Amino acid sequence: MDTPLYDLHRSLTPAQLAAVTHVQGPLLILAGPGSGKTRVVTHRIAHLLNVGIPARQILALTFTNKAAAEMQSRLATLAPGQPVWMGTFHRFCARLLRMNAALVGLAENYSIYDMEDSRKMLISVLEEEGVDLSHTSPDAVHHAISWAKNHLITADKYVPARGLQIGRIVERVYPKYQQALLRANAVDFDDLLLHVATMLRENPEVRADLDKRYQYIMVDEYQDTNLAQYAIVRALSIDYPNLAVTGDPDQSIYGWRGANLDNILDFEKDFPNVKVVRLEQNYRSTKAILRVADQLIEHNVRRKQKGLYTDNPEGEKVRLFAYPTQRDEAEHIASQIAQEIHSGRRRARDFAIFYRTNALSRQIEHSLREHVIPYQIVNGLEFYQRKEIKDVLAYLHLLNNPRSDVALLRIINTPTRGIGKSSLQKLQEHARRKQIPLLDAAREAGLIKELNKKSALAIAKFVAMYDRLGESVLAPLEEIVGKVLTETGYREVLQNSEAEEDQERLANLEELLTAAREFDIRNPGQGNLEQFLEESSLVADTDAWEAETDKVTLMTLHAAKGLEFPCVFIIACEQGLLPHERSIKDYDRDKLEEERRLMFVGITRAMERLQLSYAQYRTFRGLSAPTVPSMFLMELPRHEMDQSSNLAALNATSDWEEPEGDVDFDFGANVDDSSQLPAHDDEYSQLDEPRPKKQREKTLTSGLLTAADLLARQESPGRKVPINAFKHGMTVSHPEHGLGTITALAGEGPKRTATVQFFGDSQERKFRLLFANLTPVEE
DNA sequence: TGTGAGTTGATTTTT
DNA sequence: TCAACTCACA
């Protein structure tokens, strides 16, 4: 049933309503922080549906999976069951490319290389070309290529900018890199966009079809679009220019990734007759917080003037604290949080701590642990980036795309099977000479003269194993993953290892199996390997953040965008960190303004309480040094803020709530203050024990049970062992066949099936667990 | 060929 | 500080 219109529109302000009810023609929504933007977007989609626009004509593009999921779930309550396509740019492009791969010289089973993969590929190209890297690094070259791609500059069009040192190298290597990718039937992240943009430009009829197909396009966070994304959206909005974008120039923080602020600043020029709606009322923060944010961002030149206001209460003063050391900073923040939690005033999830770089989280973590405060970190090492996961996925990648050399290189000797560096080199040599994929070269190992017998045999065995795995590509994902773990010996190696680290890896792989199983449930039917790989390639760190758990959140300022918390701490507001030194050193105003926006984003996450702080002394990269407070702090309305130097408070034993008196905030005093901080260096390094690996744990599953799980848990009459007790790699016994090992599991509930390899049996056997007479064997 | 110690070199943000 | 990479040795 459609939601009646009046219901949908109730509780919207006039400005919001104007945006929601705009249907035909371009629309620009300038949405300040906390202005209910997501609400407006989802209501607008619901409105479009209400006025009879088919769901399949609507497309909503976001930058993160999280944002897409958020929208999806909100829309689900407004307009249940409507198949509106929502997702990230990259995912959308992956889809389009899948359907039109041939147009850009790819096969439809192409692989998506992540940063690590494409970097490896680039390095091998650089080596092949014999490029001298003494004055640059592979990463710099990579970045330059990425920059070019984001600016729609293809390999054949690349002309080095004058004075750009690296230009010469890029000019030479970019085409080779691109060829290598095509040969491997692979794309990097940037290619997803570039290929689609190219495809739309060169195939007018395809473009027209898609334009017609997606008549109503919405783009979230438009200020973060780069030229490629702009071109794509533009190309799909020519015949049907019903493009609605939302964004805030003041929250553009991805310039370094090619985001082009002009896209939003010039939107009105690009699309004539655009309707502009400004959402300036903030529903999130107190007046005090908003004033601080506003004053800071006033210092930027490249922006659209915007008046932020709120009807929220004045609230408490924003705090600006100077601590002697980072340890004091962390300790005091942790104590404040602990006290608020213990007093029952707030819960752990109400707090967030932001910092400019990931490395800054360590001290905070340490203090939070000391105070036994639960926290979650959104940081670099996410699930799909872990070695063991990437290894196993590489097997899957190679199964899906036999031309993926990067995948092959990753696993041909993982776990080790006697194929060393020199053998590999010879193999690569051979592949290069004949211009064939490595896997094909491996098939000819016996014919390669340079290879000794032993190596050739090892390679042949690898190929045989690969082909054996290949027989299962149409099986459910869980089964494929299980097979990979068993057949490759990967599981066995870890099981036999004493190292705690390896046990953890085993647990992570168990999680991967669970993920595969959940995927199978979501996607019944055959041959979904490709889709599974695509999904796993396009997930990001911040997607792992869980709003529901009751934990303090630690994250970078970048990751914080789009979120809100009652209490926010921004630490290390120091020159060189925020703004980051790289944005200061070449006096680039744009870069500096981006740093300022970053701080603006951080500040505007806070609803009720905000504390900015810096340490007068900070140990960074093992070196301790006095700091200079962030220049941005000078731009704030300091007179109306609570400025305390916390030395006094730190000496007090009990009450943290009221930091002692308003000591004047002296920006110069910190530098020569080292006398009162004797030898803290050593002392701290002792305290600073390495972060336990456990902290990395991130759950892929919610812990919720599906109906099928429950079913599986039920004890069926006549059997002692619940179906769930059977795990991959487990030893089991069978009255007829004797002892064996479970090599794969698949299916759900009564259909759950185990594949067992019995000892001394030449082939595997499959059993329905519900009926089979299998028993786990205690080891 | 594989392992481990030792050294180096780099350290922003991420789809 | 730490991870990635090199190089020497078994």
Side-chain angles (χ1 to χ4, degrees), chain A residues 61-68 87-94 112-116 118-120 123 133-134 137-140 142-143 146 149-150 187-194 221 224-226 228-229 252-259 354-360 362-363 378-382 384-385 387 413-425 452 454-455 458 534 537-544 555-561 572 576-585 591 594-595 597-599 601-602 619-624 681 684-685 688-691:
Chain A
L61 296 172
T62 63
F63 278 83
T64 64
N65 294 302
K66 193 172 56 175
T88 63
F89 264 102
H90 292 264
R91 208 173 273 263
F92 176 65
C93 289
I112 300 171
Y113 281 0
D114 67 9
M115 285 300 259
E116 194 186 340
S118 48
R119 189 168 164 272
K120 276 185 183 162
I123 288 174
L133 289 170
S134 51
S137 67
D139 286 329
H142 199 223
H143 186 260
S146 172
K149 286 186 175 181
N150 285 327
V187 300
D188 62 21
F189 282 141
D190 304 313
D191 278 342
L192 284 173
L193 305 173
L194 179 59
E221 308 280 14
D224 287 336
T225 49
N226 59 37
Q229 285 157 333
S252 160
I253 52 177
Y254 287 106
W256 51 274
R257 235 173 70 190
F354 303 149
Y355 34 80
R356 177 64 230 265
T357 68
N358 279 311
L360 290 166
R362 307 195 75 225
Q363 191 75 58
V378 179
N379 76 347
L381 239 204
E382 56 129 344
Y384 283 103
Q385 299 287 358
K387 182 184 180 304
N413 202 30
T414 318
T416 54
R417 39 176 84 91
I419 305 170
K421 221 181 353 187
S422 62
S423 308
L424 257 183
Q425 229 156 32
N452 63 42
K454 202 169 132 220
S455 311
E534 183 180 307
S537 300
L538 297 176
V539 291
D541 293 356
T542 39
D543 297 334
M555 55 168 69
T556 63
L557 285 161
H558 280 89
K561 193 162 72 163
L577 286 170
L578 180 64
H580 195 273
E581 59 178 331
R582 292 207 180 189
S583 39
I584 311 175
K585 70 165 181 245
K591 281 187 184 165
E594 180 154 318
E595 296 284 308
R597 292 195 290 268
L598 197 50
M599 189 164 189
V601 166
T619 311
F620 203 58
R621 284 186 223 158
L623 287 176
S624 184
D681 215 346
Y684 290 166
S685 50
D688 202 9
E689 61 199 65
R691 182 194 307 173

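Here is the naming used below: chain letters follow the sequence lines, and residue numbers restart at 1 for every chain. Atom set for the values below is all heavy atoms of this structure, side chains included, hydrogens, waters and symmetry mates excluded. What you are looking at is a predicted structure, and each value in this text was computed from that prediction instead of being measured.
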inquiry  = Please report the distance, rounded to the nearest Å, between CZ in A/R362 and C1' in C/dT1.
reply    = 7 Å
task = Mind checking side chain to side chain contact (heavy atoms under 4.5 Å, CB included) for A/E534 and listing every partner two or more places apart, or none if nothing turns up?
result = A/R91, A/A94, A/R95, A/R98, A/I112, A/L538
inquiry  = Applying the 5.5 Å / 30° rule, does A/W256 stack onto the base of B/dT13?
reply    = yes
query = In chain order, what residues pass the side chain to side chain contact (heavy atoms under 4.5 Å, CB included) check against A/S423, with sequence neighbours excluded?
reply = A/I419, A/L451, A/S455
Any residue meeting side chain to side chain contact (heavy atoms under 4.5 Å, CB included) with A/A572, in chain and number order, not counting sequence neighbours = A/L360, A/E574, A/L577, A/R618
query = Mind checking whether A/H90 and A/F189 have parallel, tilted or perpendicular rings, split at 30° and 60°?
reply = perpendicular
query = Between A/S146 and A/D190, what is the shortest heavy-atom contact and its length?
reply = OG-OD2, 2.9 Å
key: Distance, rounded to the nearest Å, where A/N358 contributes CG and C/dC2 contributes P   = 14 Å
key: Atom pair distance, as rounded to whole Å: CG in A/L61 and P in B/dT15   = 16 Å
key: Salt-bridge criterion met for A/E116 and A/K120 (N-O under 4.0 Å)   = yes
ask   = Which part of the nucleic acid does A/F63 contact within heavy-atom distance under 4.0 Å: base, sugar-phosphate only, or nothing?
value = sugar-phosphate
key: Value in whole Å for how far the C1' atom of B/dT13 lies from CD of A/E595   = 9 Å
query = For the residue pair A/H558 and A/Y254, does the interplanar ring angle fall in the parallel (under 30°), tilted (30 to 60°) or perpendicular (over 60°) class?
reply = tilted
key: Rounded distance in Å - CG (A/L192) to P (B/dT15)   = 13 Å
key: Nearest-angstrom distance from the residue atom CG of A/N150 to C1' of B/dT13   = 14 Å
query = Tell me: CE of A/M115 to P of B/dT15, nearest whole Å?
reply = 10 Å
Close N/O contacts between protein and nucleotides 1-6 of chain B (under 3.5 Å):
unit_1 : atom_1 : unit_2 : atom_2 : d
B/dT1  : OP1    : A/S423 : OG     : 2.3
B/dT1  : OP1    : A/S455 : OG     : 3.4
B/dT1  : OP2    : A/S422 : OG     : 2.2
B/dG2  : OP1    : A/G418 : N      : 2.7
B/dG2  : OP2    : A/N413 : ND2    : 3.2

task = Quick one: list whatever passes side chain to side chain contact (heavy atoms under 4.5 Å, CB included) with A/T416, sequence neighbours left out.
result = A/N413
key: A/R119 CZ - C/dC5 P separation (whole Å)   = 6 Å
Check: protein-nucleotides 7-11 of chain B nitrogen or oxygen pairs below 3.5 Å:
unit_1 : atom_1 : unit_2 : atom_2 : d
B/dT11 : N3     : A/R621 : NE     : 3.0
B/dT11 : O4     : A/R621 : NH1    : 3.2

message = It should be established whether A/S537 places a side-chain nitrogen or oxygen under 4.0 Å from OP1 or OP2 of nucleotide B/dT15.
response = no
